[in-house]
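Below, all heavy atoms of this structure are taken into account, side chains as well, without hydrogens, waters or symmetry copies. Residue numbers begin at 1 in each chain, while the letters A, B, ... track the order of the sequences.
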2 protein chains.
Amino acid sequence: MNSQNDEIKKDYDFINESLINVYDSIMRIEESEIRKSRFKDITAKEVHLVHTIGLHDRKTTSQVAHILKLSKGTLTANLNNLERKGYVMRIPNVEDHRIINLGLTSKGRLLYRAHDAFHKLLVQRFLKGFGDSEIHLIKQAMVNLEEFIDEVSAK
Amino acid sequence: MNSQNDEIKKDYDFINESLINVYDSIMRIEESEIRKSRFKDITAKEVHLVHTIGLHDRKTTSQVAHILKLSKGTLTANLNNLERKGYVMRIPNVEDHRIINLGLTSKGRLLYRAHDAFHKLLVQRFLKGFGDSEIHLIKQAMVNLEEFIDEVSAK
DNA sequence: CAATTTAGTTTGAATATCAAACTAAATTTC
DNA sequence: GAAATTTAGTTTGATATTCAAACTAAATTG
């Protein structure tokens, strides 16, 4: 049946365009949500860094640079800004004096939780109207995508 | 039942982290795919611009800047690069001499199609193993997300 | 036809990024 | 256990990107 195939093609095309649009849009609305919040001195990129440091507490600078795929120099520059603004702490490692461990300040944790709450809201809306099994299905699609990404990255 | 709820929470958390990771990863693999292709002189951002111009043929500079949410000055700079590299054409408008319409060169169209093919592959993998009704469901989730984005952007 | 508006470019400043050189600390080697 | 090597993080210098505001040229309005 042809109208049926047309439907499927439309879904494909929509999902394709959506995947491209979504991240840009998310970054943009995160930026605008930040502007309305009490944390006005921070960019969406910096929130991303705060999120990563919050998620991976007390990791070294090199480890965080690797996770974020940033050069060490770039991360140093970002850390200087976030430390100055009071979101991130550099914690000298007592066992190995070359190492700096990273953590959030209490202000950083506040930002982390606000950002996390916003993302939870986002996911709730993403999954609005779906039941458990459907959610599981959508999760599987994300797994597919990550597998593809890993595959292509590896080769 | 608690283990059931744990499952759902896990799905939520996974989808949350995934949404954050995916775009960064997509940009990165696009960059690395470009490096392997015949189009080595171009960044993922520039491909994005070529995609947009290809999708919206003969639009004016201002229209494209609006679509991409870039300032006109930024777009001018990008166009200079893409014109120099031979992907994009500036077409002076005969009716209104202030207006420049944008289009792809044949090299630009080649890049457009290569990029499009890669994205189709990506979506295929995203949807691997799903039937038509399931795909429709995933599309609906993307619609939800775009609705949320529009809502938050508007307010 | 002078004043205003519009489309796109130029300019100057701010920011982000990277790779390479560098510094200090830890580990390995002889 | 001192010298050589490796490792962690910072600094440096160059290049990219972006924006807003000033600017130029063309079109429209009053």
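Between B/I42 atom CD1 and D/dT17 atom P the separation is 11 Å, expressed in whole Å. Protein atom NZ of B/K59 is 14 Å distant from nucleotide atom P of C/dA7, rounded to whole Å. Remark: C1' of C/dT10 and CG of B/N81 are 15 Å apart, rounded to the nearest angstrom. Regarding A/H66, its NE2 atom lies at a distance of 17 Å from the C1' atom of D/dG9, rounded to whole Å. A straight line from CD1 of A/I100 to C1' of D/dA8 spans 9 Å, rounded to a whole angstrom. Whole-Å rounding puts the B/E83 CD to C/dT9 P distance at 9 Å. With rounding to whole Å, A/L49 atom CG is found 17 Å from C/dT15 atom P. When rounded to the nearest whole Å, the span between CG of B/L70 and P of D/dA16 equals 18 Å.
Of the candidate nucleotides D/dG9, C/dC18, C/dA16, D/dG9 has the atom nearest to the side chain of A/I99. Closest to the side chain of B/K45, out of C/dT17, D/dA8, D/dT18, is D/dT18.
For A/N78 and C/dT17, the shortest distance from a side-chain N or O to OP1 or OP2 is below 4.0 Å. Between D/dG9 and A/T61, a contact under 4.0 Å exists linking OP1 or OP2 to a side-chain N or O. At least one side-chain nitrogen or oxygen of B/R90 sits closer than 4.0 Å to the OP1 or OP2 atom of C/dT9. Taking 4.0 angstrom as the limit, B/T60 places none of its side-chain polar atoms (N or O) nearer than this to OP1 or OP2 of C/dA7.
Within the 4.5 Å cutoff, the side chain of B/K72 has no heavy atoms near those of the B/T61 side chain. Looking at heavy atoms from C-beta onward, B/Q63 lies out of side-chain contact with B/H56 at the 4.5 angstrom threshold. Proximity of B/R90 to B/L102: side-chain heavy atoms (C-beta onward) are separated by under 4.5 Å at one or more points. Between A/L49 and A/L75 the shortest side-chain heavy-atom distance falls below 4.5 Å. Proximity of A/F130 to B/Q140: side-chain heavy atoms (C-beta onward) are separated by under 4.5 Å at one or more points. At least one side-chain heavy atom of B/N81 sits under 4.5 Å from a side-chain heavy atom of B/E46. In this structure the side chain of B/T43 reaches within 4.5 angstrom of the side chain of B/E31, judged on heavy atoms. Using a 4.5 Å heavy-atom threshold, the side chains of B/L19 and A/M142 count as touching.
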Does the protein touch nucleotides 20-30 of chain D at the base, only the backbone, or not at all? Give it as B, S and - per nucleotide, heavy atoms under 4.0 Å. ------BS---

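Although no hydrogens or angles enter the test, the distance criterion places no donor-acceptor pair under 3.5 Å between the side chain of B/T60 and the main chain of B/I100.
In this structure, A/T76 reaches the bases: a heavy-atom distance under 4.0 Å links it to at least one base atom across the strands shown.
If one axis is set at each end of the helix from C/dA16-D/dT15 to C/dC30-D/dG1 from five pairs, those axes are 10° apart, to 10°.
Both A/L75 and B/N80 lie close to DNA chain C; mapped to their nearest nucleotides by heavy-atom distance, the more 5′-ward contact belongs to B/N80.
Using modelled atom types and a 3.5 Å distance limit, the side chains of A/E17 and B/H51 yield a donor-acceptor pair.
Glycosidic conformation, D/dA16: syn, with the torsion inside 90° of 0.
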